[in-house]
Protein chains: 2
Amino acid sequence: MARNSRQSKILELISVKEIETQEELVAELKAASYDVTQATISRDIKELGLIKILTDSKKYKYAIVSSSNQAVSNKCLNIFKECVISIKNAMNLVVLKTLKGTAGMVSNFVDQLSINSVLGCTFGEDTVMIITADIEDAYLVQQKLNEILAQ
Amino acid sequence: MARNSRQSKILELISVKEIETQEELVAELKAASYDVTQATISRDIKELGLIKILTDSKKYKYAIVSSSNQAVSNKCLNIFKECVISIKNAMNLVVLKTLKGTAGMVSNFVDQLSINSVLGCTFGEDTVMIITADIEDAYLVQQKLNEILAQ
DNA sequence: AATCAAAATGTATAAATATGCAAAAAGCAC
DNA sequence: GTGCTTTTTGCATATTTATACATTTTGATT
């Protein structure tokens, strides 16, 4: 569906760039050949439960709502699920395979979850690597992510 | 200073009521005899780093930015500091004395901090009670709060 | 394919928010 | 106090976002 794909792109865009306004988002989406208007974006943003937060430079930017304040919106969760193909462990790492181009967004998402044992995330085109302190923690994180995906 | 007092009132208002718009906030402030315009509120909100999140009923309301996403804004922290008079332990409880009328706001704030050992908070007019699992946890929470206030 | 129902989107505009600029208020030094 | 600087605020308005309504698209059923 075009809509899901577009919303997934929105999540990706806001996790990579500092998007200040919906018009800016429209422009970025046009560049990625999603031809939509601001009105549609406004609706997408509401559905995804995105918020505007202040950056260090005192400008507003769109962001995914953090987990402690409020549950991640169902819509976000669904998109997250669709993008993750597999979750595997390797020593003190958890490796996620994702749809091409969505790894950045997924990595950002994992960061947002603020799981205690996650030390950090890096990502490429279709792979996210989560670093934990030890093998046991990697296992815990994998469990946790599986739980979230199973919701 | 009138400004700090007003901003403190704003934090209190948004923690107690679901404030959907700045105009609504202006009205509430007027009722509390703070006579200001929407423009000023807009600036206050920016300074406090407040955000708009979706409620369960799909309406937007103002909220304090959560701790995991981003540090609580300096401004919020300052106001928090000014409102807390003392922090004491009693068994598995931590008891905060606050300025009259600000306990609700402070309690909300403590919730936002998402400290692990905090099981829950209740409050009256000028007292916040934090419940923890045991005496040791109460001590840890007290330590943590003192750290935050000392920042 | 034709028909209907539901969902998604665009257009136009209402509603909400941010901000440039000028005025007022608050500090501060003398 | 007076004069000067800095901060805060209001007014007017630009900018940004949400939404009512109409239209288009999608999907299912026959």
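Order of the sequence lines sets the chain letters (A, B, ...), proteins ahead of strands, with each chain counted from 1.
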Answer yes or no: does a side-chain N or O of [X] lie under 4.0 Å from OP1 or OP2 of [N]?
{"X": "Arg3(B)", "N": "dA26(C)", "value": "no"}
{"X": "Lys52(A)", "N": "dT17(D)", "value": "yes"}
{"X": "Gln38(B)", "N": "dT9(D)", "value": "no"}
{"X": "Thr40(B)", "N": "dT9(D)", "value": "no"}
{"X": "Tyr34(B)", "N": "dT9(D)", "value": "no"}
{"X": "Lys46(B)", "N": "dT19(C)", "value": "yes"}
{"X": "Tyr62(B)", "N": "dT17(C)", "value": "yes"}

Contact between Thr132(A) and Leu93(A) at the side-chain level, heavy atoms closer than 4.5 Å - yes or no?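 Not touching, per the 4.5 Å side-chain cut-off.
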Could you state the [atom1]-[atom2] distance from [X] to [N], rounded to the nearest angstrom?
{"X": "Glu23(B)", "N": "dC11(D)", "atom1": "CD", "atom2": "P", "result": "12 Å"}
{"X": "Ile51(A)", "N": "dA16(C)", "atom1": "CD1", "atom2": "C1'", "result": "18 Å"}
{"X": "Leu29(B)", "N": "dG10(D)", "atom1": "CG", "atom2": "P", "result": "11 Å"}
{"X": "Arg43(A)", "N": "dA7(C)", "atom1": "CZ", "atom2": "C1'", "result": "11 Å"}
{"X": "Leu25(B)", "N": "dA16(C)", "atom1": "CG", "atom2": "P", "result": "13 Å"}
{"X": "Glu24(B)", "N": "dA15(C)", "atom1": "CD", "atom2": "P", "result": "15 Å"}
{"X": "Glu20(A)", "N": "dA18(C)", "atom1": "CD", "atom2": "C1'", "result": "12 Å"}
{"X": "Ile19(A)", "N": "dT17(D)", "atom1": "CD1", "atom2": "P", "result": "11 Å"}

Distance in Å, Phe80(B) CZ paired with Leu96(B) CG, rounded so as to fall on 0.5 Å steps: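 Output value for this atom pair is 6.5 Å.
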Any chance you could measure Leu149(B), atom CG, to Glu147(B), atom CD, to the nearest 0.5 Å?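 Going from CG on Leu149(B) over to CD on Glu147(B), the span is 10.5 Å.
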Across the strands shown, which category fits [X] at heavy-atom distances under 4.0 angstrom: base, sugar-phosphate, nothing?
{"X": "Lys59(A)", "value": "nothing"}
{"X": "Asp44(A)", "value": "nothing"}
{"X": "Ser42(A)", "value": "base"}

So does Lys81(A) have more than 12 non-hydrogen atoms from other groups sitting under 6.0 Å from NZ?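 Buried by this count: over 12 neighbours within 6.0 Å.
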Carboxylate-amine/guanidinium contact Glu28(A) Lys17(A), below 4.0 Å: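 Between Lys17(A) and Glu28(A) there is a salt bridge, with a charged N closer than 4.0 Å to a carboxylate O.
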Minimum-distance nucleotide to Arg6(A) side chain [options: dA18(D), dT16(D), dT9(C)]: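 The answer is dT9(C), which lies nearest to the side chain.
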DNA chain D: Thr37(B) or Tyr60(B), which has the more 5' nearest nucleotide?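 The residue mapped nearer the 5' terminus is Thr37(B).
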